[in-house]
Amino acid sequence: MVIKMRFLHNHWARYSLHMKQIYLSKKIRLEDVKTDIKYIAGLDASYFRDIGASCAVLFNFKYLKPIEVAYATARVKRYIPGYFSLREYGLLLEAFKGLFTKPDLIIVNACGINHPRKCGLASQIGISTNTPAIGVTKSSLAGTVDKLHVIRRGELKIYTIKLKKAIVGFMITRGNERIIVSPGHLVTLDTALKITLELIDKRLTPKPLSLAHKLSKIRLEEDLRNLGICEQGNCNKTN
DNA sequence: GCGACAG
DNA sequence: ATCTTGTCGC
């Protein structure tokens, strides 16, 4: 316990002033998106040990087609539950900055306000880019699913996630598939759910996220090859 | 006190 | 996140 606390404290001390302000002030605004949404950016990353590759994909919201893509690769810190941003924040932001067109909304493969401090990585990305943001994950870091009130919408079942008696997000299921949706920044609960439902296609995972996931993985493998790092011994390069 | 714990 | 085996569907 002591060791863990010290470890966290060291990270905390080195954290940038910017991130400290975000955490300490908890300025997460749940408002409705002001502008009409034309472009949505999906953010995700892939890893091999401490090397991470991130991808930002710009989507046309109306037609659900990709328009632009940007990447970033870097060495990253280890993952600590509740402190995911220490690992992935910089990586995602770097890819995001590579987009020429700024989106009207960001969708991140991370938690939003369903977080112990109500400020997951999706919130942090939204705050620092001053952009509405939604977090979509496979499971919720904090909160419990309220199974008493189920909303059915076609094949989809929608449950609410509560944290300390407040609704902080939704669980959407279809068969065995399952995603968690939570507002990150400048988006209300209802709007976060509504937008996410529009991004669902064959799979529950929103299209911008599934593409970002796929591309980041491809990019990671390319970069590992260029760096001469072999994964599972299938490296053809002669070192 | 004990278990759980985004990716 | 990543690894793994088999299975299903196009």
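Order of the sequence lines sets the chain letters (A, B, ...), proteins ahead of strands, with each chain counted from 1.
Remark: C1' of B:dA4 and CG of A:Leu163 are 14 Å apart, rounded to the nearest angstrom. The separation between A:Ile229 atom CD1 and C:dT2 atom P is 14 Å, rounded to whole Å. Between the CG atom of A:Leu92 and the P atom of B:dA6 there is a distance of 16 Å, rounded to whole Å. The interatomic distance linking A:Arg87 (CZ) with B:dG7 (C1') rounds to 7 Å, in whole Å. If you take CD1 of A:Ile125 and C1' of B:dA6, they are 13 Å apart, rounded to a whole angstrom. In this structure, the CD atom of A:Glu177 is 18 Å from the P atom of C:dC8, given to the nearest Å. Remark: P of B:dG7 and NZ of A:Lys138 are 7 Å apart, rounded to the nearest angstrom. If you measure from atom CD1 of A:Ile51 to atom P of B:dG7, you get 22 Å, rounded to the nearest angstrom.
For A:Ser46, a side-chain nitrogen or oxygen approaches OP1 or OP2 of C:dT2 to under 4.0 Å. One finds no side-chain N or O of A:Tyr47 lying less than 4.0 angstrom from the OP1 or OP2 phosphate oxygen of B:dG7.
Among the atoms of the strands shown, only primed sugar atoms or phosphate atoms (P, OP1, OP2) are found under 4.0 Å from some heavy atom of A:Asn109. Within the 4.0 angstrom heavy-atom criterion, no nucleotide atom of any strand lies near A:Arg49. Counting any heavy atom pair closer than 4.0 Å across all strands shown, A:Leu121 reaches a base atom.
Seen from the ring of A:Tyr47, A:Arg87 counts as a face-on cation partner, given the 6.0 Å and 45° thresholds. For the pair A:Arg219 and A:Tyr71, the cation-pi criterion (under 6.0 Å, within 45° of the ring axis) is fulfilled.
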Check the pair A:Lys162, A:Asp146 against salt bridge (charged side-chain N to carboxylate O under 4.0 Å, His left out), reporting the backbone distance first and the verdict last.
CA-CA 7 Å; A:Lys162 289 183 178 171; A:Asp146 179 6; 3.4 Å; yes

Pair A:Ser128-A:Tyr89, side-chain hydrogen bond (donor to acceptor under 3.5 Å, both in side chains): steps then yes or no:
CA-CA 10 Å; A:Ser128 58; A:Tyr89 173 83; 2.9 Å; yes

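A salt bridge (charged side-chain N to carboxylate O under 4.0 Å, His left out) check over residues 207-217 of chain A, counting only residues at least two apart or in different chains, returns nothing.
Rounding to the nearest 0.5 Å gives a distance of 10.0 Å between CG of A:Leu186 and CD1 of A:Ile106.
If you check the side chains of A:Thr73 and A:Asp223, you find a donor sitting under 3.5 Å from an acceptor.
Stem list for DNA chain C (at least 3 consecutive Watson-Crick or G-U pairs, distances under 3.5 Å) is empty.
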